[in-house]
**Q** 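Quick one: the structure is below, questions incoming.
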There are 4 protein chains.
Amino acid sequence: MSLPDLDITLDFRSAWPISEQIKEQLRLLILSGRLPAGEQLWSIRQLAVSLTINPNTVAKVYRELEQEGFLTSRQGKGCFVIDNTGPIIAQERDIRVRNLGTGFLREGRALGFSVNDLIRLLKELDDE
Amino acid sequence: MSLPDLDITLDFRSAWPISEQIKEQLRLLILSGRLPAGEQLWSIRQLAVSLTINPNTVAKVYRELEQEGFLTSRQGKGCFVIDNTGPIIAQERDIRVRNLGTGFLREGRALGFSVNDLIRLLKELDDE
Amino acid sequence: MSLPDLDITLDFRSAWPISEQIKEQLRLLILSGRLPAGEQLWSIRQLAVSLTINPNTVAKVYRELEQEGFLTSRQGKGCFVIDNTGPIIAQERDIRVRNLGTGFLREGRALGFSVNDLIRLLKELDDE
Amino acid sequence: MSLPDLDITLDFRSAWPISEQIKEQLRLLILSGRLPAGEQLWSIRQLAVSLTINPNTVAKVYRELEQEGFLTSRQGKGCFVIDNTGPIIAQERDIRVRNLGTGFLREGRALGFSVNDLIRLLKELDDE
DNA sequence: GTGGTCTAGACCACA
DNA sequence: GTGGTCTAGACCACA
């Protein structure tokens, strides 16, 4: 299979369900373009084996991502990344990064840090 | 009750367990000092009613936060915020903000944004 | 349980999956108001027993209807019909009846019947 | 190929099996006479290519429609529409339109519409 | 082989 | 008791 390493990591001990963990990581891979538009995804069985989880769980993940519009599946053929180059995806990317930024700002402030503290931190983390 | 509005919001439809949602928000309120050291928390029943959830859930939350060292409970009196001005708390705050920053940086980059994009975004969000 | 007889009938031999059969009938019960707004639905286990199917199948049905906005579920409490008296539901009802009418008209014509034939048929069926 | 455009449309995302979707549309084309008696149908390969599905699926469809009496196949020559002008076909047409009407009436009523509402709707749709 | 549905049953979170 | 997640495994439709 020519798919790149998906680089999906699961925390089986987390309260966050593993299906949600996979969904979030796949969404990010698609939005970021690391999974190119039209690309065939790992088959349900392959991904299940490689993550050592049950095929049903992967099937649920794919079904829900299909409903959200991130991929399409076809009987007997496989699952494919939808076109992720359009303006809707670009907009979705913007929304996500803004949400992340807002969360970081809000929590950071709640912990007693100023915007400048947070910016300094980002630069510092970037240098590492 | 002299406690300020706790400003805890729950998403009942989320896959993230309600108890975890409450714990995370209480941790943040304590770390940030918005719940001052020594302050008495809402009683289990009060919080349960005000969040429209079962007292068992609140009891579990308090029990676990006590184990983590965020609260102490005194038989028959209630639960109280531990001293949140010490160096351990300060260190904990640093760890959390670094984790948040790392996450923001990682996800932001994955979505195709540079550190400078992210910093610009933080400034922009700060001005609003 | 005070729920009225749901009057859901399944055809286990159909190519149409039973989960889809249930979904369609529940949608209709909700849109028609026969399941009143806010009403608690049969529990997953109750409905599974009464239809002699697996609870997982009912859970899937409820989950998908929740995503479509027909009901909401709460951990440990149950599943509830959403407010079905609003204008959106009225509009949805209109859309559905128009689709049905269009389909009837199109297929009827394809079979060689005129609109008047179809109207006559409706009256005749109504008298029975 | 002199066959008219078959005008068969498939919904690959539907829970309704693709083979059933094709069968139903072919039945209607034959019953309606749009596929004239004795007419040669598309070859299995042609139809498969034009619908972007697997030849096995088309073969299965043709085999089942032959069993139902809608087609006949002649070794090495192809599939042909049976005579659709006889009384049996006329009767079949009647049964189908009655079923459609019954369904429209039942669902329409369930949604809160009267027979007169439905008749008015049919007239309105006919004018468009 | 690939996706989709369904059953059976364990286990957890919440009421 | 009630919903939610997950595993294990059968069986079907489609390629």
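These numbers come from a predicted model, not from an experiment. Residue numbers start from 1 in every chain, and the chains themselves are labelled A, B, ... in the order their sequence lines are given, proteins ahead of strands.
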**Q** Please state whether the phosphate of F:dT7, meaning OP1 or OP2, lies under 4.0 angstrom from any side-chain nitrogen or oxygen of A:T57.
**A**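 Checking A:T57 against F:dT7: at least one side-chain N or O falls below 4.0 Å of OP1 or OP2.
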**Q** Okay, side chain of D:E64, backbone of D:K23: is any donor-acceptor separation there less than 3.5 Å?
**A**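 Judged by distance alone, no pair lies under 3.5 Å.
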**Q** Between B:R27 and B:E92 (salt bridge meaning N to carboxylate O under 4.0 Å), is one present in this structure?
**A**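 Judged by the 4.0 Å cut-off on N to carboxylate O distance, B:R27 and B:E92 do not form a salt bridge.
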**Q** Give the rounded distance in Å between these two atoms: CZ of A:F80 and C1' of E:dG3.
**A**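 Result: 11 Å.
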**Q** Please identify which of these residues, D:I30, D:V61, D:L26, meets the side chain to side chain contact (heavy atoms under 4.5 Å, CB included) condition with D:L71.
**A**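 Option passing the side chain to side chain contact (heavy atoms under 4.5 Å, CB included) with D:L71: D:I30.
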**Q** Find the distance D:F12:CZ to F:dC14:P and express it as a whole number of Å.
**A**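 Interatomic distance, CZ of D:F12 to P of F:dC14: 11 Å.
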**Q** Dot-bracket for DNA chain F: what is it, with Watson-Crick or G-U pairs under 3.5 Å, [ ] where a pair crosses earlier ones, and | for a pair to another strand?
**A** ||||||||||||||.
**Q** Rounded to the nearest angstrom, tell me the gap between atom CD in C:Q40 and atom C1' in F:dT2.
**A**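 From C:Q40 CD to F:dT2 C1': 9 Å.
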**Q** Distance check needed: F:dT5 C1' versus A:I22 CD1, whole Å only.
**A**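 Answer to the nearest Å: 12 Å.
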**Q** Quickly work out the A:L47 CG to E:dG1 P distance and round it to whole Å.
**A**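 After rounding, the gap between these two atoms is 17 Å.
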**Q** Quick check: on DNA chain F, is the nucleotide nearest C:R45 upstream (toward 5') of the one nearest D:N54, or the reverse? Name the residue that is more 5'.
**A**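 This one resolves to C:R45.
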**Q** As a test of reading the structure: which of F:dT7, E:dC14, F:dT5 is closest to the side chain of C:Q75, going by heavy atoms?
**A**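 Among F:dT7, E:dC14, F:dT5, the one nearest the side chain of C:Q75 is E:dC14.
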**Q** To the nearest Å, give me how far apart CD (D:E64) and P (F:dC14) are.
**A**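 For the pair D:E64 CD and F:dC14 P, the rounded distance is 9 Å.
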**Q** If you find the nucleotide of DNA chain E closest to C:I53 and the one closest to B:T52, which residue's nucleotide is nearer the 5' end?
**A**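 Its nearest nucleotide lies further toward 5', so the answer is C:I53.
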**Q** Check the distance between F:dC6's P and A:Q21's CD and give it to me in whole angstrom.
**A**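 Answer to the nearest Å: 9 Å.
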**Q** For residues D:W42 and D:Y62, report the shortest heavy-atom separation together with the two atoms involved.
**A**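 For D:W42 and D:Y62, the tightest heavy-atom pair comes out as O-OH, 2.8 Å.
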**Q** So if I take every side-chain heavy atom of A:I18 and compare against F:dC6, E:dC6, F:dG4, which nucleotide ends up nearest?
**A**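 Looking only at heavy atoms from C-beta outward on A:I18, the closest nucleotide is F:dC6.
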**Q** How do C:S19 and A:G78 order along DNA chain E: which one's closest nucleotide is nearer the 5' end?
**A**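 Per heavy-atom nearest nucleotide, the more 5' residue is A:G78.
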**Q** Answer yes when B:E66 and B:R63 have at least one side-chain N-carboxylate O distance shorter than 4.0 Å, and no when they do not.
**A**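 Salt bridge absent between B:E66 and B:R63.
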**Q** Would you indicate, yes or no, if E:dG4 has its OP1 or OP2 atom less than 4.0 angstrom from a side-chain nitrogen or oxygen of A:S73?
**A**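 Indeed, a polar side-chain atom of A:S73 lies that close.
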**Q** Could you check whether A:E24 pairs with A:R96 (Lys NZ or Arg NE/NH1/NH2 to Asp/Glu carboxylate O, under 4.0 Å)?
**A**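 Between A:R96 and A:E24 there is a salt bridge, with a charged N closer than 4.0 Å to a carboxylate O.
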**Q** Any side-chain N or O of C:K77 below 4.0 angstrom from OP1/OP2 of F:dG3?
**A**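 Answer is no, no contact under 4.0 Å.
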**Q** So is B:R74 actually on top of B:F80's ring, under 6.0 Å and inside 45° of the axis?
**A**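 Yes, cation above the ring, under 6.0 Å and within 45°.
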**Q** For A:K60 and for D:W16, locate the closest nucleotide of DNA chain F by heavy-atom distance; then report the residue assigned to the nucleotide nearer the 5' terminus.
**A**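 Whichever sits nearer the 5' end wins; that is A:K60.
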**Q** Within less than 4.0 Å of OP1 or OP2 of E:dG1, is there a side-chain N or O belonging to A:S43?
**A**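 Checking E:dG1 against A:S43, no side-chain N or O comes under 4.0 Å of OP1 or OP2.
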**Q** Would you mind reading off the distance between D:R63 atom CZ and F:dC14 atom P, rounded to a whole angstrom?
**A**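 Going from CZ in D:R63 over to P in F:dC14 covers 12 Å.
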**Q** For C:R74, report the nucleic acid contact type (base, sugar-phosphate, nothing); a contact means any heavy atom under 4.0 Å.
**A**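 The residue C:R74 makes sugar-phosphate contact but no base contact.
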**Q** Ignoring hydrogens, what is the shortest heavy-atom contact between D:F104 and C:L100? Give both atom names and the distance.
**A**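 In this case the closest contact between D:F104 and C:L100 is CD1-CB, 3.7 Å.
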